[in-house]
Protein chains: 2
Amino acid sequence: MKYFLLTLLCILQTLALFGQTPGIDKQAIAKIRDEGLNRSQIEELTYFLTDYSGPRLSNSEGYQRAAQWAVAQLSEWGLKEAHLEAWGDFGRGWQVEKTYTAMKAPYYFPLIAMPKAWSHSTNGLITGEVVVLQADNAEELDQYRGKLAGKVILFPSDDTSAPTFKPDATRKSDEEMAKIAAPPVKKENRYTAEQIAQYWAKRALQEKLDTFLIQEKALGILRGTRGRHGTFFTSNGGSYATDAPWRLPEWEMAPEHANLMARLIAKGEKVVVEAEAQTRFIEDTKAYNVIAEIPGSDKKLKPELVMLGAHLDSWHAATGATDNAAGCIVMMEAVRILQACELKPKRTIRIALWSGEEQGLYGSRHYVKKHFADQNDMQLTPEHENFSAYYNLDNGGGRIRGIYLQENAAAKPYFEAWLAPFSDLIETPTITLQNTGATDHISFDAVGLPAFQFIQDNLEYGTRTHHSNMDLRERLIMDDLKQMAVIVASIVYHTAQAEDKIPRKALPAPAPSPYE
Amino acid sequence: MKYFLLTLLCILQTLALFGQTPGIDKQAIAKIRDEGLNRSQIEELTYFLTDYSGPRLSNSEGYQRAAQWAVAQLSEWGLKEAHLEAWGDFGRGWQVEKTYTAMKAPYYFPLIAMPKAWSHSTNGLITGEVVVLQADNAEELDQYRGKLAGKVILFPSDDTSAPTFKPDATRKSDEEMAKIAAPPVKKENRYTAEQIAQYWAKRALQEKLDTFLIQEKALGILRGTRGRHGTFFTSNGGSYATDAPWRLPEWEMAPEHANLMARLIAKGEKVVVEAEAQTRFIEDTKAYNVIAEIPGSDKKLKPELVMLGAHLDSWHAATGATDNAAGCIVMMEAVRILQACELKPKRTIRIALWSGEEQGLYGSRHYVKKHFADQNDMQLTPEHENFSAYYNLDNGGGRIRGIYLQENAAAKPYFEAWLAPFSDLIETPTITLQNTGATDHISFDAVGLPAFQFIQDNLEYGTRTHHSNMDLRERLIMDDLKQMAVIVASIVYHTAQAEDKIPRKALPAPAPSPYE
């Protein structure tokens with residue numbers, strides 16, 4: 001009897017927690033599959049979002065080219081209100097118009113490098129001896145006083161770039177998936193006080209260094225990054241602020257080439273480089289997201305909103321194929337599939353392609369602030385109430401393996417039900433309570449709106465593509481993108497059709513974004 | 001009785017075939033190990049043979065720099081007769097003095113590329129629309145007549161450069177080793193008549209094409225190779241012949257960048273590149289190998305010769321770390337170890353660092369012809385008789401896993417005995433009867449001299465380094481090179497001390513080299 005009561009209690013708790021099992025629309029799923037797998041436009045979209053647009057740094061011409069094309073394409077598919085929606089002042093756009101870097105002595109050797117984002121032009125071709133600068137503090141910097149005029153400053157890479165016995169591309173192993181599936185662990189402050197102090201000390205030294213190198217009339221900076229075999233990674237660059245001071249032209253470069261020069265210098269060779277950078281700042285600071293929608297067909301549910309999105313901006317040294325053309329390709333294909341299937345969703349489905357993600361989720365945060373709530377004071381707009389869920393993709397081009405619930409336990413049965421019909425495309429979907437961060441769903445989650453990022457296979461994301469010069473079309477696997485589009489289309493459609501909106505977590509307290 | 005006789009016969013045959021089991025000198029081995037593993041100069045040698053010398057294309061300044069350094073270094077270690085030994089006329093040296101390649105429209109994008117070896121300079125910076133030329137025969141070429149003036153011709157890569165789920169670096173698996181250990185199989189003609197006809201047709205078309213493009217006043221050629229992630233591969237280039245005609249400037253380039261342009265063009269975009277190449281031909285055609293020796297200490301055996309070598313020349317787009325600085329590093333370290341151990345070998349040990357290997361084993365073939373025999377007529381010099389063995393390394397930077405006997409079965413017991421004391425460095429050495437080709441031991445083998453190439457682990461040789469732009473110092477693993485140097489030093493020493501010279505195969509019939 002005791003056991004019976006206990007069991008009953010468990011069942012009741014489960015029902016209370018999860019509500020009714022959400023239904024699935026088998027006919028719709030069949031249509032979505034057929035359209036997404038047999039009449040896929042993934043390859044075509046891939047072309048436009050990588051090769052055609054080029055690098056899509058926020059507010060660059062490449063971003064504009066991609067954004068304008070996306071608005072036109074979404075309109076052509078019959079989405080409504082397709083437009084560039086201004087979200088505020090980003091700062092200056094920037095793009096490379098010429099770059100050339102080569103070692104000139106002791107022998108000629110071309111260097112694989114790219115100007116750091118928002119870095120300045122050289123005054124034509126510069127030629128200078130290379131100096132490796134090593135200073136852990138301001139005093140150590142002092143030893144270089146009077147010695148750097150006309151010199152090019154080299155910071156070698158600390159990556160050995162040694163042969164790797166592990167594959168560049170991987171799918172998530174059972175072990176990795178088990179880790180993701182585990183219950184979330186409350187994380188302590190991510191950094192210790194000491195680490196934070198070190199960070200600020202390093203930043204202060206960097207600022208001193210920047211000023212020092214200008215005072216000393218150095219010509220430019222070369223910086224070896226991690227990477228190997230011709231791949232290097234870009235980092236946050238110069239400033240896009242309109243009032244940012246002039247800084248030395250600076251390149252990020254292949255670690256092997258940087259360290260080749262460092263080794264020559266360490267042996268006493270005189271190393272000379274010649275280099276040229278022409279970069280262009282774009283003074284129009286106004287920034288735009290791409291927005292379009294499939295209006296809801298149900299009179300009552302039409303004001304309610306299901307959103308899906310991905311960031312359209314990329315870094316500048318490649319065409320950002322996996323970061324994050326992939327996300328945009330899939331989200332665009334998902335709405336195209338829904339349109340092609342003429343499914344007429346009850347709730348309104350809105351797609352957003354964000355700008356400024358790489359610099360701090362700017363596009364999505366400002367969009368959320370304008371439309372739903374300001375996370376600083378948690379004043380909600382009426383639209384906040386009408387919001388069901390936001391779905392995001394930004395972990396590269398690897399197929400969907402599940403979804404992060406962001407600790408929204410009540411949403412679990414929805415995804416269990418909605419992923420179940422795709423067991424051929426995701427063998428055992430992982431629906432984890434865990435959080436994942438660092439991309440645009442966070443902007444929604446921060447104001448209490450259900451927002452989810454999918455779990456994806458890694459492919460070459462960490463090893464080769466994430467912010468690298470090699471994030472190019474070749475890195476994308478069409479079958480992975482097709483799988484993603486079909487699953488996203490179906491989940492978005494079911495969210496639009498469900499009895500209720502996706503359940504929410506408790507409203508969070510006001511809190512400024514860590515990205516400010 | 002019958003069985004007894006049969007067994008006896010077998011034993012006698014074996015004895016006749018293999019002679020006495022060669023002895024090993026444990027004390028010498030201990031010294032060699034200690035010097036090679038505890039006082040290694042591998043890292044220092046690596047610097048000089050990669051970073052310091054730079055690309056070492058035959059007859060380039062980089063080759064000269066490396067060769068001169070090697071002569072000086074070998075002398076400094078006390079080797080005798082260290083010198084540059086001229087082997088004949090190679091043809092013109094060549095090197096890159098500037099290269100710049102970028103897509104200029106539809107947007108700016110720098111291209112990873114390198115002038116093809118022995119290709120010519122542009123007339124300053126060239127700017128031209130890119131045309132993808134597709135012609136399988138002369139008729140198809142005709143459609144381009146009158147359309148190529150001022151254009152840059154692009155040949156896309158047929159490599160998809162797709163994500164790879166296999167590691168770049170590997171060690172030879174048990175399965176691979178088993179294949180190598182299997183008895184040699186007499187190979188049929190490697191190519192069918194049809195394949196040979198296709199080869200010649202392709203070559204004829206290529207020559208037509210070269211002339212056609214000049215007639216049509218095209219500006220230059222861009223050619224995507226296999227590779228990925230910034231790695232591309234160079235191939236045989238233009239001609240080093242002094243009477244070679246002028247040809248269009250030509251670059252080999254990263255497949256992703258070539259195919260990005262090809263995809264844009266296929267979609268109707270106008271693609272424009274700007275490019276510049278300054279290459280320099282070096283008119284001194286005389287070519288040199290590096291030769292030095294440790295004279296034999298035994299009056300009777302001193303005229304007898306043990307040789308070890310590797311080719312010093314490389315391709316031009318990198319510093320040829322694995323092809324074949326690695327071989328030179330190990331062979332130099334091996335003689336340094338012998339010198340440092342003061343082992344005073346009975347026979348003379350001679351080291352050779354060859355030039356012109358990449359163009360047809362020129363350095364070693366001419367050396368063999370001058371010193372031992374002309375493979376065309378098999379006229380032997382007196383030195384031929386005095387020769388014991390030649391050891392070669394040219395399969396990248398991976399540790400030694402065994403040795404190819406080149407079907408010289410009688411040599412097997414020597415290597416069994418001499419490799420046995422290194423079971424900690426090679427677990428189960430593979431001593432295979434099989435042949436391996438395509439490098440300098442073939443020059444000796446072709447005139448009936450015992451000559452052996454070691455079996456080595458692959459590391460990144462096939463995937464990343466062999467003739468690539470990324471064959472740089474980072475690709476070398478010091479522990480692998482140390483293992484190789486210790487084993488080579490010991491084998492060379494034991495060859496110099498052995499009762500007899502290494503047994504020989506029957507003298508081959510005169511035969512012209514396939515490399516002529």
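- Both the backbone and the side chain of F165(A) come within less than 4.5 Å of a heavy atom of chain B.
- Only the backbone of E97(A) has a heavy atom closer than 4.5 Å to any heavy atom of chain B.
- For T465(A), no part sits under 4.5 Å from any heavy atom of chain B, backbone or side chain.
- For T170(A), the part lying under 4.5 angstrom from a heavy atom of chain B is the backbone only.
- Proximity to chain B is limited to the backbone of S53(A), based on heavy atoms less than 4.5 angstrom apart.
- Y47(A) carries K267(B) over the face of its six-membered ring, with the cationic atom under 6.0 Å from the centre and within 45° of the normal.
- In this structure, the portion of P110(A) lying under 4.5 Å from any heavy atom of chain B is its side chain and not its backbone.
- Using a 4.5 Å cut-off between heavy atoms, R464(A) contacts chain B through its side chain alone, with no backbone atom that close.
- Residues Y100(A) and K98(B) have side chains in contact (heavy-atom distance under 4.5 Å, counting atoms from C-beta outward).
- For R65(A), the part lying near chain B is the side chain, with the backbone staying farther off; criterion is any non-hydrogen pair under 4.5 Å.
- Heavy atoms of T160(B) lying under 4.5 Å from chain A belong exclusively to its backbone.
- Nearest heavy atom pair, residue Y108(B) against residue V96(A), reads CB-O, 3.4 Å.
- Counting heavy atoms from C-beta on, the side chains of M470(A) and I112(B) come closer than 4.5 Å.
- Neither the backbone nor the side chain of Q95(A) comes within less than 4.5 Å of any heavy atom of chain B.
- With R475(A) contributing its side chain and S161(B) its backbone, the two residues share a donor-acceptor pair below 3.5 Å.
- If you measure heavy-atom distances from M114(A) to chain B, the contacts under 4.5 Å come from the side chain alone.
- Both the backbone and the side chain of T231(A) come within contact range of chain B, judged by heavy atoms closer than 4.5 Å.
- No part of Q278(A) comes within reach of chain B, as not one of its non-hydrogen atoms sits under 4.5 angstrom from that chain.
- Closest non-hydrogen pair, T50(A) versus Y107(B), comes out as O-OH, 4.1 Å.
- Only the backbone of A317(A) comes within contact range of chain B, judged by heavy atoms closer than 4.5 Å.
- Proximity to chain B (any heavy atom under 4.5 Å) is shown, for L264(A), by both the backbone and the side chain.
- Using a 4.0 Å cut-off between charged nitrogen and carboxylate oxygen, R263(B) and E474(A) count as a salt-bridge pair.
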